[in-house]
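Here's the structure we're looking at; comments come further down.
To find a chain, count down the sequence lines: A is the first, B the second, and so on, and within it residues start at 1.
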Amino acid sequence: MALPYLEELRAIVGDAGLVTDRAGRLAYESDALSLEKQLPELVVLPLDTAQASAVMRVLSKHGVPIVPRGAGTGLAGGATPVAGGVSLSTARMREILEIDPVGRTARVQAGVVNAELTRRAAPHDLFYAPDPSSQAACTLGGNVANNSGGPHCFKHGATTRHVLGMIVVDADGEVIDLSHQGPDPDGFDLIGLIVGSEGMFGLVTEVTLKLVPIPDATETILAVFPSLDSACDTVTEAIARRLEPSAIEILDELTIDAVERSVFAAGYPREAKAVLLLECEGSAAEVEATSADLTELCQEHGCLEIRTARDDADRRRLWAGRKGAFGAMGRIAPDLYVADVVAPRTRLREIVRIATDICHERGLKVSNVFHAGDGNLHPNISYDRRDTDEVRRVLEAGELIMRACIERGGSLTGEHGVGLEKQEHMCHLFDESDLDAMRRAREALDPDLRMNPGKMIPIRGCREMRTPEPMPQGDDR
Amino acid sequence: MSVPPTTAVEPPMSSMQAGVIVDYPASLDCIHCGLCLDDCPTYRLTGVEPQSPRGRIHLMRAVAEGRLDPEPGYVEAIDTCLVCRHCESVCPAGIHMGQMIEVARDGLNRVDPPRWTVRMARRIGLRGLLPSRARLSLVAGATRMLQRAGLTGVVAKMLGPLGAGLRDLPNVPPARERQRLPDFTPADGPGFGLVALHEGCVMPQLHGRVHRASVRVLAAAGDAVLGFSDATCCGALQAHNGDLESAREQARRTIAAFERKTADDGTTPVLISNSAGCGAHMKEYDRLLADDPEWAERAKTFVTRVQDFAEHLAEPGPRERLAQRLGRTDLGAVTYDDPCHLCHGQGVREQPRHLMSDVPGLDVVTLERPESCCGAAGLHALLRPDESRTVLAEKLRDLAASGASVLVTANPGCHLQYESGLQRTGSDVQVLHLAELLDRALDGAPT
Ligand SMILES: Cc1cc2nc3c(=O)[nH]c(=O)nc-3n(C[C@H](O)[C@H](O)[C@H](O)COP(=O)(O)OP(=O)(O)OC[C@H]3O[C@@H](n4cnc5c(N)ncnc54)[C@H](O)[C@@H]3O)c2cc1C
Ligand code: SF4
Ligand code: SF4
């Protein structure tokens, strides 16, 4: 392999900052969506903004496409390499630069792992609120790029609500310093634009984040339900009554079984058809009031049993089970397709039903574990990627579920981003002029379209994609 | 993604060399979620995916499926694994990394003979030396002479790349500390149980004092203690380095020797290991010998008799009896670091802490990330000293931050690794095996 730019890059990042051999690069061929694969030409791992900028200048000179990569836990193929491109990994940029306990902010390099920040903020009685279930591994840069959410984002809001500043390096290697913006930036709010841009506007190298005080009191409640329907209805009603727990998660029967067989066994009752995992935080009085209301509500909906976490260790166990849920599905089949859609919260039960039926009609195993409070559903389909026909059925089901949500007033993605997985489905939600506006924003920041090309925005025109495709069956219920 | 996918399909099963040089079925457990990354010491160190659990498994699978040849990059990925098994403790899908790496290394040794120097060293070490107590004694004696004469540096130079580890070798204690344990030590007080203490290969040479402390503590907890040195090495190092044939041979020797410990009336002792690596390995003899018709059943019975030192003592009976014998020691602040093969390999986490909490007035402080690897990792510290030291550096920082003046461990590899690291950095933190700590508290001043 004679890459014309290799030696120039080596001079910047050294041998430890390069993965050149085929075996090494093969380990980067996908993110957590293992269906999409592409071997990168090279993987480059800069140590800081300066190195990243120098690397990107060289790549700009040679016109090489760049795919940013954090921990590669993305589920939509956002970090899947592109042919002829370089993967630019932040995995060696893992320095927490500053924690300001008074101002309640943290300045970190983009490769810092989400959970690490919370661990390091804890001695100051602070934590970083967005807590994706992948928080033990995913990077804050990846969280910013995908505007990631997590169970506690029901109360605290997704990543975008917590980003105060950042440093971005654009496709040409220019450093854009947005780290000193006030709460109301002079001029355009560029930060808002870059959060959620899935690596298409540049490489985020540093982020300034808001930290939140650890609440005085926390109560974690596990409510056991005789059916998934009744658990869904409880959530819909909780929202209608404006109850305000900090997290509302649902796990169904199959998920409970997988978790209980894993190293994260949390003591979820094996006989339950569904459990609701609820958390209340705030002052002791608030917590007591909210949890009393929630308990009553659960009982009205036929809940079989209510358990509350005895102590912190118990609470951690309950959450570790939830957070290990996707991975635990590895016990069911070698691969997992995590759908990520948003349903109106008044129609949770209906859409969960539809998703389940769509899968069962295709002979697929589906389990449900999701951020119910946000209406963010994750029907998880277990499969084996070696079975071509099963893969076809999985993707078909994924698409139908997505369409069903959109038709009922929901949306395409809750938190995992569009990436490769949902690129073509953007057409179901946006019309041509919406997409053109997105294209123009992108061209303004990256005229050569070298940052993460071929992701998110459909490449072909939507009309072209819509016409020849007959509506698959099972959609019009 | 369009339906149906075009790039998504794997090569057909027929073109795969599945299972030939990797554990293909085990590799399918991984769902590629990445949750393990940040707990893998080699990933934390390098930041590169092929040195992460997910990356390693991905490459094994690619080799099995015929998409990758066992080329140098693959060998590197497999060789750099510390087999600390931390990934097993955090993987929700339940992967078996220890087993997969053993099979992959065994496979590589067959298709891609390692460089001759390394191969020679491993052969001499793993096949010639470790299984023989007499030869180990000879080497230990010779090393002690070199060390006393200040000649290790010279010899290390003569050995070239292989000598690197020699400079780091711990000081070999005098011969009287290297003697085998008595065949039988009665319980110290009323007797309740019968145990055999697995002496192993390296420990008697370097950590005879730990064995003697273990015997005193076990006896104080009401156990009669048999010495168990008949089979010498348990075979763990052979297995980790991909020599499964020798590992199986050592396993059979160990089982046979243990079976001879059964008394005429049928009572079998509990086999106690105070070396986390040996204990973890012996508890998996049933897997190692599963395909051996003559030994599979015997291995199954054997594994039910193996217990870690702390695991045994923390059971209600022994714990209660031991607690009555423990008094104050003035050791200062003490912290416990989980050996990988105890916490990840055997799931023994609380027991050592419980025993420490039984020592009256002991000032126990917590260590950050106690379950992360110290870099000793079997032969890793000797074969890749630079990497091993970098892994240790993070641990030493955490140790300093804990404020402890004594570090307690329960595995000889970690013990030596910490001692040499602390010595290099001029720290005066002392390293003790849990058995030594308890031994010092035995019959100390009551509360
Ligand atoms: C088990 C599991 C549970 C999950 N749970 C959740 C959840 O609860 N909520 C949720 O929102 N998501 C969840 N995810 C999805 C995923 O973890 C998040 O999207 C996460 O933010 C990705 O971070 P990463 O560091 O792995 O990024 P990657 O996967 O490496 O990259 C994600 C995207 O961000 C871009 N990118 C990465 N770093 C940068 C950077 N520094 N600058 C610019 N662009 C960059 C990449 O190009 C890519 O498009 C889960 C995933 C798994 C496997
Ligand atoms: S946590 Fe387990 S399933 Fe997930 S990537 Fe790591 S080894 Fe694979
Ligand atoms: S055994 Fe240790 S070094 Fe090897 S992959 Fe697992 S965590 Fe990493």
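If you measure heavy-atom distances from B:Ser89 to chain A, the contacts under 4.5 Å come from the backbone alone. Of the atoms belonging to A:Arg393, not a single heavy atom falls under 4.5 Å from chain B. At a 4.5 Å heavy-atom cutoff, the contact between A:Glu29 and chain B is made by side-chain atoms alone. The part of B:Arg54 that comes within reach of chain A is its side chain, from C-beta onward, which places non-hydrogen atoms under 4.5 angstrom from that chain. Of the atoms belonging to A:Leu336, heavy atoms from both backbone and side chain fall under 4.5 Å from chain B. Looking at A:Asp387, there are no atoms closer than 4.5 Å to chain B (heavy atoms on both sides), in backbone or side chain. There is no contact between B:Gln51 and chain A, counting heavy-atom distances below 4.5 Å. Looking at A:Ala333, only its backbone comes within 4.5 Å of chain B, counting heavy atoms on both sides. Heavy atoms closer than 4.5 Å to chain A are found in both the backbone and the side chain of B:Leu35. Proximity to chain B (any heavy atom under 4.5 Å) is restricted, for A:Phe326, to the backbone atoms N, CA, C and O. Residue A:Ser133 touches chain B through its backbone alone, counting heavy-atom pairs closer than 4.5 Å.
Salt bridge status for B:Asp386 with B:Arg389: absent, with no side-chain N to carboxylate O gap under 4.0 Å. The pair A:Glu390-A:Arg362 does not count as a salt bridge, with every side-chain nitrogen at least 4.0 angstrom from each carboxylate oxygen. A salt bridge is absent between A:Asp312 and A:Arg316: the closest approach of a Lys/Arg side-chain nitrogen to an acidic carboxylate oxygen does not fall below 4.0 angstrom. Ion pairing of B:Arg287 with B:Glu284 is present here, as a side-chain N (NZ or NE/NH1/NH2) and a carboxylate O approach within less than 4.0 Å. Residues B:Glu394 and B:Arg397 are not paired through a salt bridge, judged by the lack of any N-O separation under 4.0 Å between the basic side chain and the carboxylate.
Of the residues considered (B:Cys36, B:Pro72, B:Gly73, B:Pro92), B:Pro92 shows the highest number of contacts with chain A, using heavy-atom pairs under 4.5 Å. In terms of heavy-atom pairs under 4.5 Å with chain B, the best-connected choice from A:Gly77, A:Gly330, A:Gly74, A:Gly327 is A:Gly327. Comparing B:Arg44, B:Glu76, B:Glu88, B:Glu368 by how many heavy-atom pairs each has under 4.5 Å with chain A, the most go to B:Arg44. When each of B:Cys33, B:Gly55, B:Ala62, B:Gly347 is checked for heavy-atom pairs under 4.5 Å with chain A, B:Cys33 comes out on top. The most heavy-atom pairs under 4.5 Å with chain B, out of A:Arg119, A:Met329, A:Arg94, come from A:Arg94. Ranked by heavy-atom pairs shorter than 4.5 Å toward chain A, the options B:Gly47, B:Ala93, B:Ser52 are led by B:Ala93.
Between A:Gly70 and A:Thr90 the shortest heavy-atom distance is CA-OG1, 3.6 Å. Heavy atoms only, all atoms of each residue included: A:Gly24 and A:Asp21 are closest at N-OD2, 3.0 Å.
No side-chain heavy atom of B:Met97 sits under 4.5 Å from any side-chain heavy atom of B:Val83.
Aromatic ring centres of B:His341 and B:His281 lie farther apart than the 6.0 Å criterion allows.
The residue from B:Asn411, B:Asp308, B:Val348 that alone fulfils the side-chain contact (heavy atoms from CB on, under 4.5 Å) condition with B:Pro339 is B:Asn411.
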Using side chain to side chain donor-acceptor pair (under 3.5 Å), reason through A:Gln38 and A:Tyr28 one step at a time and then give a plain yes or no. CA-CA 8 Å; A:Gln38 173 65 48; A:Tyr28 287 90; over 6 Å; no
